Amino acid sequence: MPGFFDKNKKYIAILALFLLLFWLVTIQVKAGRFMVLEKPVLAVSGFFERIITGTYNGIAGIGSGYVFLVRTERENRRLAREVGDLRLENQITNELLSENERLREALGFRKLNPPASVTAQVIGRDSSPSSSTITVNKGSLAGIVRELAVITPDGVVGRVQAVLPGTARVQLLTDPGSTIAVRVQRNREEGLLEGKLDRCALKYVSYYVDVQEGDLLVTSGLDGIYPKGLPVARVTTVRKHEASSFQTVYADPVVRISRLEEVLVFKK
């Protein structure tokens, strides 16, 4: 760089002198003198001013843009933190709402039948190839007798099979000896539901009866044990046989038998 100035210092000096003279002439022209040179001088000076102003504005614009990007990034980080906090609050709120809903269902169910039901806890379970029962921690001392309906807020569990003072054995609806009078909720077709250990089956369903997969079976009340309209099972399989006048209909209980912890025993 020093060599460049040494080699071209004559031209640099001439350029500097020209710029100085041009600047002086521009000042004189703007002051109202040298009217003949006004237009060319102002045109040239305007050209240089535009270059300088444009360069300055460009640098200023870059600076402003950088400041804007920094502010935007900070704002995005703040919003991201707020979204995270809101998501966490939403999860907590949903969990509380879910818990409240479960409590409301249980309390609401008890409210419908306050004097006619006893809450009991499941304390034993017996599943064998010939039977399917549970044991609850309430018995005759709590007013429980044989053939009472046992349910949950979700639906039918079974009936009381045997009673002791402090416990009772409940025959589940999946027990092979269990039968429940039901009807198809969709079209009110009636039938008897019997236990098959891991599921249930409708007995003696005519070939021409309208039963479909997904149909909900509810108690009809005709057996004198279960109140009318309680959910029992949902149809999973329907098979029609050309050589038979009956259909094969299987259904799964609406209550998760394997997850039973508490039940309600209806008192007559």
Side-chain angles (χ1 to χ4, degrees), residues 105 109 112-113 116-117 122 124-136 144-163 168-261 263-268:
E105 287 180 0
F109 197 87
L112 291 176
N113 306 277
S117 62
V122 177
R125 197 180 301 272
D126 177 27
S127 295
S128 69
S130 59
S131 68
S132 183
T133 63
I134 59 173
T135 302
V136 298
I144 294 177
V145 297
R146 292 183 68 252
E147 298 300 314
L148 292 183
V150 181
I151 65 172
T152 73
D154 293 325
V156 171
V157 173
R159 72 179 76 186
V160 176
Q161 188 179 55
V163 183
R169 185 169 71 242
V170 176
Q171 181 188 51
L172 299 174
L173 76 162
T174 53
D175 187 276
S178 169
T179 57
I180 302 175
V182 298
R183 60 167 49 103
V184 179
Q185 187 183 56
R186 176 175 56 85
N187 57 15
R188 319 310 290 173
E189 292 283 357
E190 295 181 353
L192 280 177
L193 191 72
E194 64 177 359
K196 294 292 184 181
L197 288 179
D198 60 340
R199 55 183 175 175
C200 301
L202 272 178
K203 296 177 65 176
Y204 312 123
V205 181
S206 170
Y207 183 90
Y208 301 100
V209 170
D210 179 18
V211 182
Q212 301 177 14
E213 293 182 7
D215 277 344
L216 179 64
L217 305 178
V218 298
T219 53
S220 65
L222 299 179
D223 50 25
I225 296 176
Y226 300 95
K228 178 180 177 181
L230 295 176
V232 182
R234 192 170 295 277
V235 176
T236 57
T237 304
V238 178
R239 297 196 191 101
K240 291 188 176 184
H241 310 280
E242 296 294 338
S244 174
S245 57
F246 298 103
Q247 304 179 51
T248 299
V249 180
Y250 291 111
D252 287 341
V254 294
V255 174
R256 300 293 294 271
I257 301 295
S258 61
R259 297 184 180 181
L260 282 176
E261 295 182 10
V263 297
L264 295 176
V265 182
F266 272 162
K267 297 170 67 176
K268 294 182 180 179

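Source: prediction; values computed, not measured.
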K.L.:
Looking at side-chain heavy atoms only, is the closest gap between L193 and T179 below 4.5 Å?
P.N.:
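No, too far: nothing below the 4.5 Å cut-off.
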K.L.:
Counting distance only, does the side-chain N/O of S244 pair as donor-acceptor with the main-chain N or O of F246 below 3.5 Å?
P.N.:
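Indeed, once roles are kept as given, a pair shorter than 3.5 Å links the two residues.
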K.L.:
Compare all side-chain heavy atoms of V235 with those of D252 and state whether any distance is below 4.5 angstrom.
P.N.:
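No - every pair of side-chain heavy atoms lies 4.5 Å or more apart.
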K.L.:
Determine whether L172 and T133 satisfy the following criterion, side chain to side chain contact (heavy atoms under 4.5 Å, CB included), listing intermediate values before the conclusion.
P.N.:
CA-CA 5 Å; L172 299 174; T133 63; 5.5 Å; no
K.L.:
Check this for me: does any side-chain nitrogen of one of D215 and R186 sit under 4.0 Å from a carboxylate oxygen of the other?
P.N.:
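Looking at D215 and R186, the cut-off is met.
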K.L.:
Dump the intermediate steps for side chain to side chain contact (heavy atoms under 4.5 Å, CB included) on S132 and D126, then the final yes or no.
P.N.:
CA-CA 6 Å; S132 183; D126 177 27; over 6 Å; no
K.L.:
Within the structure provided, determine whether K267 and I144 are in side-chain contact (heavy-atom separation under 4.5 Å).
P.N.:
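Not in contact.
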K.L.:
Does the D223 side chain pair with the main chain of A181, one donor and one acceptor, at a distance under 3.5 Å?
P.N.:
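A pair under 3.5 Å: yes.
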K.L.:
Hey, does S117 have a side-chain heavy atom less than 4.5 Å from the side chain of V265?
P.N.:
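The answer is no; the side chains never approach within 4.5 Å.
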K.L.:
Is the Lys NZ or Arg CZ of K240 less than 6.0 Å from the centre of Y207's six-membered ring, within 45° of the axis?
P.N.:
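Yes, K240 lies over the aromatic ring of Y207.
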K.L.:
Side chains of R256 and D154: does their closest heavy-atom pair fall under 4.5 Å?
P.N.:
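No, side chains not in contact.
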K.L.:
Measuring only between side-chain heavy atoms, which start at C-beta, is V160 closer than 4.5 Å to V150?
P.N.:
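Contact flag for V160/V150 side chains = yes.
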K.L.:
Say whether, by atom type as modelled, one donor and one acceptor occur between the side chain of N187 and the main chain of D210 under 3.5 angstrom.
P.N.:
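Flag set: sc N187 to bb D210 pair under 3.5 Å.
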K.L.:
Are I151 and V263 packed together at the side-chain level, in the sense that at least one heavy-atom pair is separated by less than 4.5 angstrom?
P.N.:
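No, side chains not in contact.
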K.L.:
Can you give me every donor-acceptor pair (side chain of residues 226-234, partner residue at least two apart or in another chain, under 3.5 Å) with its distance?
P.N.:
residue	atom	partner	partner atom	Å
Y226	OH	G158	O	3.1
R234	NH1	G214	O	2.9

K.L.:
Run the numbers on T152 and V157 for side chain to side chain contact (heavy atoms under 4.5 Å, CB included), then give the verdict.
P.N.:
CA-CA 7 Å; T152 73; V157 173; 3.5 Å; yes
K.L.:
Is there a side-chain contact between L173 and I180, using heavy atoms and a 4.5 Å cut-off?
P.N.:
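Counting from C-beta outward, L173 and I180 do come under 4.5 Å.
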K.L.:
Is there a donor-acceptor pair under 3.5 Å between the side chain of R146 and the backbone N or O of R159?
P.N.:
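It does not hold such a pair.
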K.L.:
Do E190 and R188 meet the salt-bridge criterion of a basic N to acidic O distance under 4.0 Å?
P.N.:
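E190 and R188: not salt-bridged.
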K.L.:
Would L217 and Q185 satisfy side chain to side chain contact (heavy atoms under 4.5 Å, CB included), going step by step from the backbone distance to the final call?
P.N.:
CA-CA 6 Å; L217 305 178; Q185 187 183 56; over 6 Å; no
K.L.:
Counting N and O atoms only, with roles assigned by atom type, does the side chain of Q247 sit under 3.5 Å from a partner on the main chain of S206, one being a donor and the other an acceptor?
P.N.:
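Yes, Q247 side chain to S206 backbone: donor-acceptor pair under 3.5 Å.
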